[in-house]
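Below is one structure, written out as structure tokens; the observations come after it.
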Amino acid sequence: MKGPSLSVDPSRGRRLASWLHARPRMQLGLLLAAPLAWLGLAYLGSLLILFLNAFWESDPFSGNVIHTFTLDSFVKLFSVEVYRTIAVRTIGMAIAVTITCILLAFPIAYYMARIASPRIRAVLVVLVLVPLWASYLVNIYSWRIIFQGNGVVDWMLAPLGMEGPGLNSLVNSWLVFSYLWLPYMVLPIYAGLERIPNSLIEASADLGARAGSTFRRVVLPLAIPAVAAGSIFTFSLTLGDYIVPDIVSNTKFIGNVIYDNAGLGSLPLAAAYALVPVLVMVVYLMITRRLGAFESL
């Protein structure tokens with residue numbers, strides 16, 4: 001004995017498909033509904049909770065958050081010099097790492113996109129991606145071994161009668177950050193340079209421009225959006241990282257202060273300080289948007 005079978009009316013599905021076909025905006029809305037809901041709840045919701053915590057105060061003995069509106073955390077950030085110094089140091093490091101990655105990545109990306117043969121280009125792309133295959137922590141601890149006492153740096157400087165800086169130098173963080181984020185700059189610039197039509201280069205040469213003039217007046221302006229796109233990664237990743245300075249140097253960044261205060265029970269102060277990189281990134285994204293970075297992502 002067979003039970004009742006469930007069937008779907010195919011005409012109903014065709015009517016729904018026809019209705020959606022005539023409404024492309026509805027299709028887009030249904031397609032993005034789930035991702036946008038997740039973004040709104042998980043990401044923007046957590047930012048809102050973080051923002052609200054910045055206006056509460058914490059009990060100095062128990063560390064519990066007291067839901068009493070106050071601006072003490074923001075006053076402390078602006079009045080205590082060490083917080084201003086750390087913020088300036090972190091932003092300066094993000095700028096330095098971004099500039100370093102641009103200077104290193106542009107020649108590599110230019111050779112990959114405009115000069116290298118297809119086989120060499122494929123090899124270079126793999127080599128650029130290789131550091132990303134290794135564990136993030138393994139890379140950092142490898143650099144720690146290099147910098148620490150009796151490490152590779154001391155071994156190289158010993159014949160000159162010099163010693164390495166050990167793990168007490170801010171330069172260590174700069175070098176490690178530049179190494180870690182360099183692929184995130186190479187790939188966007190490579191993609192941007194590859195999209196430049198060869199006809200523009202040939203037209204510049206036909207008009208009598210030399211290679212240097214073609215690079216300055218044709219290639220470089222067209223590559224600026226790709227450079228700006230890559231800088232979003234290098235700048236934001238450096239701005240929010242707290243593991244690298246904690247492992248390879250003894251210098252505090254914004255992330256270290258946020259982590260320490262959250263662990264010590266000063267959640268409102270940590271939340272208030274966490275808004276600093278958020279605001280900095282909003283301004284930075286507005287600048288890069290004007291440079292056409294979003295079209296190159």
* Is any side-chain heavy atom of M93 closer than 4.5 Å to a side-chain heavy atom of T90? -> no

* **Nearest-0.5 Å distance that lies between atom CZ in R121 and atom OH in Y190** => 5.0 Å

* Does the side chain of T68 come within less than 4.5 Å of T70's, by heavy atoms? -> no

* **Any side-chain donor near an acceptor of the partner, Y242 and D260, under 3.5 Å** => no

* **Side chain to side chain, P183 and L132, heavy atoms closer than 4.5 Å** => yes

* Asked: For L237, does its backbone N or O pair with a side-chain atom of D241 as donor and acceptor, under 3.5 Å?
  -> no

* If every non-hydrogen atom of A229 is compared with every non-hydrogen atom of F233, which pair is closest and at what distance? -> O-CD1, 3.4 Å

* Will you find, in the side chains of R114 and N198, an N or O donor that is under 3.5 Å from an N or O acceptor? -> yes

* Structure fact -> Shortest non-hydrogen pair, A226 vs G192, comes out as CB-CA, 3.8 Å

* May I ask you to check whether over 12 heavy atoms, not counting those of F69, lie within 6.0 Å of atom CZ? => yes

* Any R89 side-chain heavy atom under 4.5 Å of F253 side chain -> yes

* Spatial distance of atom CD1 (I189) from atom CE (M112) [nearest 0.5 Å] -> 10.5 Å

* **F294 backbone acceptor or donor facing R289 side chain under 3.5 Å** => no

* Scan side-chain atoms only and decide if S249 and S173 contain a donor-acceptor pair under the 3.5 Å cut-off. => yes

* Are L207 and I201 linked, directly or through other ILVMFWY residues, by side chains that come within less than 4.5 angstrom of each other? -> no

* How far apart are the C-alpha atoms of Y179 and W143, what are their side-chain angles, what is the distance that settles it, and do they pass the side-chain contact (heavy atoms from CB on, under 4.5 Å) test? -> CA-CA 10 Å; Y179 166 79; W143 279 98; 3.2 Å; yes

* Gap separating the OG1 atom of T288 from the CD1 atom of I224, nearest 0.5 angstrom -> 13.0 Å

* Asked: Under a 4.5 Å cut-off applied to non-hydrogen side-chain atoms, are L129 and L187 in contact?
  -> yes

* **Pairwise side-chain contact, I243 with Y136, heavy-atom cut-off 4.5 Å (strictly under)** => yes

* Will you find, in the side chains of T238 and W181, an N or O donor that is under 3.5 Å from an N or O acceptor? -> yes

* Asked: Do V125 and I120 share a hydrophobic cluster (ILVMFWY, side-chain heavy atoms under 4.5 Å, transitive)?
  -> yes

* Does atom CZ of R217 have more than 12 heavy-atom neighbours, drawn from other residues, nucleotides or ligands, at distances under 6.0 Å? -> no

* Relative to each other, are the rings of F106 and Y110 parallel, tilted or perpendicular (30° and 60° limits)? -> parallel

* **CG-CG distance between L104 and L182, expressed to the nearest 0.5 angstrom** => 6.0 Å

* Using a 4.5 Å cut-off on heavy atoms from C-beta on, say whether the side chain of I108 contacts that of L124. => no

* Y83 backbone acceptor or donor facing Y273 side chain under 3.5 Å -> yes

* Going through the checks in order, is the side-chain contact (heavy atoms from CB on, under 4.5 Å) test met by I66 and W56? -> CA-CA 6 Å; I66 303 174; W56 306 140; over 6 Å; no

* To do: Could you pull out the closest heavy-atom pair between A209 and T214, with the gap in Å?
  => CB-OG1, 3.7 Å

* Structure fact -> Note: F55 and F51 closest approach over all heavy atoms is CD1-O, 3.2 Å

* Donor + acceptor pair across side chains of S231, Y284 (<3.5 Å) -> yes

* Structure fact -> Smallest heavy-atom separation, L50 atom then A274 atom, equals CD2-CB, 3.9 Å

* Cluster link L137 to V248, ILVMFWY, side chain under 4.5 Å -> yes

* Walk me through it: do F147 and V176 pass the test side-chain contact (heavy atoms from CB on, under 4.5 Å)? => CA-CA 10 Å; F147 290 134; V176 177; 3.8 Å; yes

* **L77 side, atom CG; L71 side, atom CG - distance, nearest 0.5 Å** => 11.0 Å

* Which distance, rounded to the nearest 0.5 Å, do you find between the CG of N250 and the CG of L170? -> 9.5 Å

* Asked: With a 4.5 Å limit on heavy-atom distance, are the side chains of F177 and P245 in contact?
  -> yes

* Structure fact -> Heavy-atom nearest pair, N261 first then A270, reads CB-CB, 3.9 Å

* Are V80 and I258 grouped together when hydrophobic residues (ILVMFWY) are joined by side-chain heavy atoms under 4.5 angstrom apart? -> yes

* Asked: If we ignore angles and hydrogens, is there a donor and acceptor under 3.5 Å between the side chains of W174 and T100?
  -> yes

* To do: Take L222 and L200 through the test side-chain contact (heavy atoms from CB on, under 4.5 Å) and record every step on the way to the result.
  => CA-CA 11 Å; L222 294 176; L200 294 179; 3.7 Å; yes

